[in-house]
Engineer: 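What follows is a single structure, and I will ask about it in a moment.
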Amino acid sequence: MKTLVVGVGGVTNGGKSTLSQFLHQKIHNSCIIAQDSYFKDDSVVPADSNGFKQYDTLDALHMEKMIKEVYSWKNDPDVFLRERGLILKDSSVDSEVYILIVEGFLIFNYSPLNELFDMKYFLEIPYEVCKKRRSIRVYSPPDPPGYFDGYVWPMYLQNRKEMERITSEIVYLDGLKTKDEVLAAVYKDVCQEIDKLQGQS
């Protein structure tokens, strides 16, 4: 049994979920762990001096719970998938590769998680595009007026700077390219890595 952990990070509304879902649908014996599923309750997320809720920090997330889930997959991906009702293929074959896709906006900023990635991708889009996409997306709770410029974008720049300081070997993806182009490029990369693992004795 072989495993491959693929990290899909990036700016808000950059296409992380789309890419992750595409890979999951195309690659058997794969599953997704999404960072957005580990937000703490809104009542315990503090606000800054402007009254903006500080969601874009590791403190707003149950990161210990998330990495526990990742380790649960690593310990026995076959059981992990079966417990979640996910379809398995050729799980008895020694050369079979299990793929975990970890998706989120701060996955590369958390060192214990960062160390587990075999492949790292980061989707980036310009400020104007990001702001437009964010403005038409529905959030619960909704973004208050001025939230993007006053909190979201500055925190993205701060978090990205920290990410670049603590990690390396990230493949940066241009989120302005067509969706098909981005998806095909990453899918090709991952398939090549799977082929390598399957070829190992």
Side-chain angles (χ1 to χ4, degrees), residues 5-24 32-71 100-117 119-177 179 182 186:
V5 183
V6 181
V8 179
V11 64
T12 177
N13 291 278
K16 300 182 296 295
S17 297
T18 300
L19 174 55
S20 298
Q21 288 293 339
F22 173 82
L23 292 174
H24 174 48
I32 299 172
I33 292 179
Q35 194 171 41
D36 281 358
S37 302
Y38 296 90
F39 273 110
K40 294 177 181 177
D41 189 80
D42 177 64
S43 63
V44 300
V45 177
D48 64 13
S49 58
N50 295 312
F52 294 141
K53 284 281 190 173
Q54 297 179 285
Y55 288 110
D56 294 5
T57 68
L58 290 172
D59 287 341
L61 296 150
H62 291 288
M63 291 307 299
E64 297 84 1
K65 184 178 178 182
M66 182 179 182
I67 200 165
K68 184 178 179 181
E69 192 83 343
V70 174
Y71 273 114
L100 176 64
I101 303 154
V102 181
E103 178 255 310
F105 69 111
L106 286 178
I107 57 172
F108 301 133
N109 291 73
Y110 188 62
S111 295
L113 180 59
N114 204 13
E115 296 167 359
L116 303 177
F117 294 119
M119 306 178 79
K120 304 173 187 176
Y121 295 95
F122 189 92
L123 283 148
E124 48 188 359
I125 53 175
Y127 163 85
E128 294 83 4
V129 177
C130 187
K131 185 174 183 178
K132 183 178 180 181
R133 290 185 185 179
R134 177 98 183 190
S135 69
I136 59 177
R137 186 169 171 181
V138 178
Y139 287 90
S140 179
D143 285 352
Y147 191 60
F148 185 85
D149 287 318
Y151 181 75
V152 174
W153 191 256
M155 284 302 298
Y156 161 66
L157 296 177
Q158 179 180 316
N159 288 328
R160 175 168 176 158
K161 185 176 180 180
E162 173 66 8
M163 175 193 76
E164 291 170 344
R165 185 185 69 81
I166 66 173
T167 191
S168 60
E169 299 180 347
I170 294 177
V171 177
Y172 291 90
L173 303 171
D174 183 357
L176 292 184
K177 289 184 177 180
K179 182 172 69 173
V182 173
V186 177

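Atoms considered below: every heavy atom in the structure, side chains included; atoms not considered: hydrogens, waters and symmetry mates. Just so you know, these numbers come straight off a predicted model, no measurement behind them.
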Engineer: At their closest point, which heavy atom of Asn114 faces which heavy atom of Phe108, and how far apart are they?
Structural biologist: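 Of all heavy-atom pairs spanning Asn114 and Phe108, the closest is ND2-O, 3.4 Å.
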Engineer: Looking just at side-chain N and O atoms, do Lys120 and Thr167 make a donor-acceptor pair shorter than 3.5 Å?
Structural biologist: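 Thr167 and Lys120 do have a side-chain donor-acceptor pair below 3.5 Å.
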Engineer: State, to 0.1 Å, how close Val129 and Leu176 come at their nearest heavy-atom pair, and which atoms those are.
Structural biologist: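 Here Val129 and Leu176 meet closest at CG2-CD2, 3.8 Å.
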Engineer: Looking at Asp48 and Tyr151, what are the two nearest heavy atoms and their distance?
Structural biologist: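 Result for this residue pair: OD2-CD1, 3.8 Å.
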Engineer: Taking all heavy atoms of Val70 and all of Leu113, pick out the closest pair and write down the distance.
Structural biologist: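 Closest heavy-atom pair between Val70 and Leu113: CG2-CD1, 4.0 Å.
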Engineer: Quick one: pull up CG in Leu116 and CG in Leu100 and give me the separation to the nearest 0.5 Å.
Structural biologist: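 Answer for the CG-CG pair, Leu116 versus Leu100, is 9.5 Å.
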Engineer: Would you check if the side chain of Tyr147 reaches a backbone N or O of Lys53 as a donor-acceptor pair within less than 3.5 Å?
Structural biologist: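 Here the side-chain-to-backbone pair exists.
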Engineer: Below 4.5 Å, heavy atoms only, C-beta onward: do Asn13 and Arg137 meet side chain to side chain?
Structural biologist: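 With C-beta onward as the side chain, the pair touches.
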Engineer: Nearest 0.5 Å please: distance from the CE atom of Met63 over to the NZ atom of Lys40.
Structural biologist: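 Going from the CE atom of Met63 to the NZ atom of Lys40 covers 10.5 Å.
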Engineer: Measure the shortest side-chain to side-chain distance between Arg160 and Glu124 over non-hydrogen atoms and say whether it is less than 4.5 angstrom.
Structural biologist: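 Answer yes - side chains close enough.
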Engineer: Look up atom CD in Glu69 and atom OH in Tyr71, then write down how far apart they are to the nearest 0.5 Å.
Structural biologist: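 These two atoms lie 14.0 Å from each other.
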Engineer: Using the rule given for side-chain contact (heavy atoms from CB on, under 4.5 Å), can you reason through Phe22 versus Thr18, listing the C-alpha separation, both sets of side-chain angles and the distance that settles it, and then say yes or no?
Structural biologist: CA-CA 6 Å; Phe22 173 82; Thr18 300; 5.6 Å; no
Engineer: For the rings on Tyr156 and Phe148, is their centre-to-centre separation under 6.0 Å?
Structural biologist: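 No, they do not, as the ring centres are separated by 6.0 Å or more.
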Engineer: List the steps and the verdict of side-chain contact (heavy atoms from CB on, under 4.5 Å) for Leu173 and Val186.
Structural biologist: CA-CA 9 Å; Leu173 303 171; Val186 177; 3.7 Å; yes
Engineer: Dump the intermediate steps for side-chain contact (heavy atoms from CB on, under 4.5 Å) on Val171 and Phe122, then the final yes or no.
Structural biologist: CA-CA 6 Å; Val171 177; Phe122 189 92; over 6 Å; no
Engineer: Does any non-hydrogen side-chain atom of Arg133 lie less than 4.5 Å from one of Thr12?
Structural biologist: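 No; the side chains remain at least 4.5 Å from each other.
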Engineer: Quick one: are Leu123 and Val11 in side-chain contact, heavy atoms under 4.5 Å?
Structural biologist: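 No - every pair of side-chain heavy atoms lies 4.5 Å or more apart.
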Engineer: Any cation-pi pair here, Arg134 with Tyr139, using under 6.0 Å and within 45°?
Structural biologist: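 Checked: cation-pi criterion met.
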Engineer: Can you measure from CG (Leu19) to CD1 (Ile101) and round to the nearest 0.5 angstrom?
Structural biologist: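 One gets 8.0 Å once the value is rounded to the nearest 0.5 Å.
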Engineer: Return the minimal non-hydrogen interatomic distance between Phe52 and Pro145, and the atom names on each side.
Structural biologist: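 Distance-wise, the nearest heavy atoms are CE2-O, 3.7 Å.
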Engineer: Distance from Ser17 atom OG to Gln35 atom CD, nearest 0.5 Å?
Structural biologist: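 If I round to the nearest 0.5 Å, the distance is 11.0 Å.
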Engineer: Within a 6.0 Å radius of atom NZ on Lys65, are there more than 12 heavy atoms belonging to other residues, nucleotides or ligands?
Structural biologist: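 It does not: Lys65 NZ has 12 such atoms or fewer within range.
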Engineer: Side chains of Asp59 and Thr57: is there a donor and an acceptor less than 3.5 Å apart?
Structural biologist: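 Looking only at side-chain atoms, Thr57 and Asp59 do not form any donor-acceptor pair under 3.5 Å.
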Engineer: Shortest non-hydrogen contact from Gln54 to Ala60?
Structural biologist: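 It is O-CB, 3.5 Å.
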Engineer: OH of Tyr38 to CG of Leu106: how many Å apart, nearest 0.5 Å?
Structural biologist: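 Rounded to the nearest 0.5 Å, the OH-CG separation comes to 15.0 Å.
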Engineer: State whether Asp149 and Lys131 are salt-bridged, where the test is any N-O pair (Lys NZ or Arg NE/NH1/NH2 against Asp/Glu carboxylate O) under 4.0 Å.
Structural biologist: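 The answer is yes: the pair qualifies as a salt bridge.
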Engineer: Should Lys161 and Glu164 count as an ion pair when the cut-off is N to O under 4.0 Å?
Structural biologist: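 Between Glu164 and Lys161 there is no salt bridge, as every charged N stays at least 4.0 Å from the carboxylate O atoms.
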Engineer: Can you tell if the side chain of Phe105 reaches within under 4.5 Å of the side chain of Leu61, non-hydrogen atoms only?
Structural biologist: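 A side-chain contact under 4.5 Å exists here.
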Engineer: Side chains of Tyr121 and Val6: closer than 4.5 Å at any heavy-atom pair?
Structural biologist: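 The answer is yes, as the side chains (C-beta and beyond) meet within the 4.5 Å cut-off.
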